[in-house]
*Asks:* 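Got a structure for you, questions after.
Atoms within a ligand are numbered from 1 in the order they appear, just like the ligands themselves.
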Amino acid sequence: MPYITSMFMPRAKGDRPLPVPKISKNLALISQFVEIPDDVVFTVEYSIRVAQMAVYELLGIDRKIPPILHHDDSLKVKFDAVVKAFL
Ligand SMILES: Cc1cc2nc3c(=O)[nH]c(=O)nc-3n(C[C@H](O)[C@H](O)[C@H](O)COP(=O)(O)OP(=O)(O)OC[C@H]3O[C@@H](n4cnc5c(N)ncnc54)[C@H](O)[C@@H]3O)c2cc1C
């Protein structure tokens, strides 16, 4: 369990590599410590999305990466969360 929090440690842009680093032609990186801008770590989706990005890019596969969903952007969800916190 303590390892879980390591994913949420503050980080600067560039601390974590992209799935396929800009200088790479045949090396890709996967899992939770790879950077996907705007995505949230600690989900199975994150690992899958990284793997898809790595494989599609290196093998030149023309398929869409599933979009990142920002459920928390809606006011309703935020309001529901506040209500839940006090129930
Ligand atoms: C308690 C808990 C609850 C969670 N709940 C959720 C949830 O509800 N929803 C959700 O989306 N996510 C959840 N997660 C997060 C999710 O499980 C992980 O983000 C996801 O499993 C990471 O997948 P991965 O394939 O990147 O890495 P992992 O699943 O960690 O796979 C890495 C694999 O590499 C193997 N490995 C490591 N070192 C070596 C080595 N040297 N040689 C060979 N093999 C090696 C490991 O044994 C492991 O099998 C939870 C995680 C935990 C711990």
*Asks:* Which atoms of ligand 1 have any heavy atom of Glu45 under 4.0 Å away?
*Replies:* 11 (O)
*Asks:* Does atom CD1 of Ile30 have more than 12 heavy-atom neighbours from other groups under 6.0 Å away?
*Replies:* no
*Asks:* Has Arg49 got a side-chain atom pairing as donor or acceptor with Pro67's backbone, closer than 3.5 angstrom?
*Replies:* yes
*Asks:* What atoms in ligand 1 come closer than 4.0 Å to a heavy atom of Thr43?
*Replies:* 10 (C), 11 (O), 12 (N), 19 (O)
*Asks:* Using a 4.0 Å heavy-atom cut-off, say whether Ile30 meets ligand 1 through its side chain, its backbone, both or neither.
*Replies:* neither
*Asks:* State, yes or no, whether a side-chain contact exists between Phe33 and Ser6 at a heavy-atom distance under 4.5 Å.
*Replies:* yes
*Asks:* Please determine whether any non-hydrogen atom of Met7 lies less than 4.0 Å from an atom of ligand 1.
*Replies:* no
*Asks:* Looking at Lys84 and Asp80, does any basic side-chain N land under 4.0 Å from a carboxylate oxygen?
*Replies:* no
*Asks:* Are the side chains of Val50 and Ile36 in touch, meaning some heavy atoms are under 4.5 Å apart?
*Replies:* yes
*Asks:* Just go through Phe33, Phe42, Tyr3 and tell me whose heavy atom is the nearest to atom 4 (C) of ligand 1.
*Replies:* Phe42
*Asks:* Counting heavy atoms only, which part of Tyr46 comes closer than 4.0 Å to ligand 1: side chain, backbone, both or neither?
*Replies:* neither
*Asks:* For ligand 1, which is the ligand I care about here, please tell me if Val44 has any N or O atom under 3.5 Å from one of the ligand's N or O atoms.
*Replies:* yes
*Asks:* Any salt bridge between Glu35 and Lys13, counting N to O under 4.0 Å?
*Replies:* no
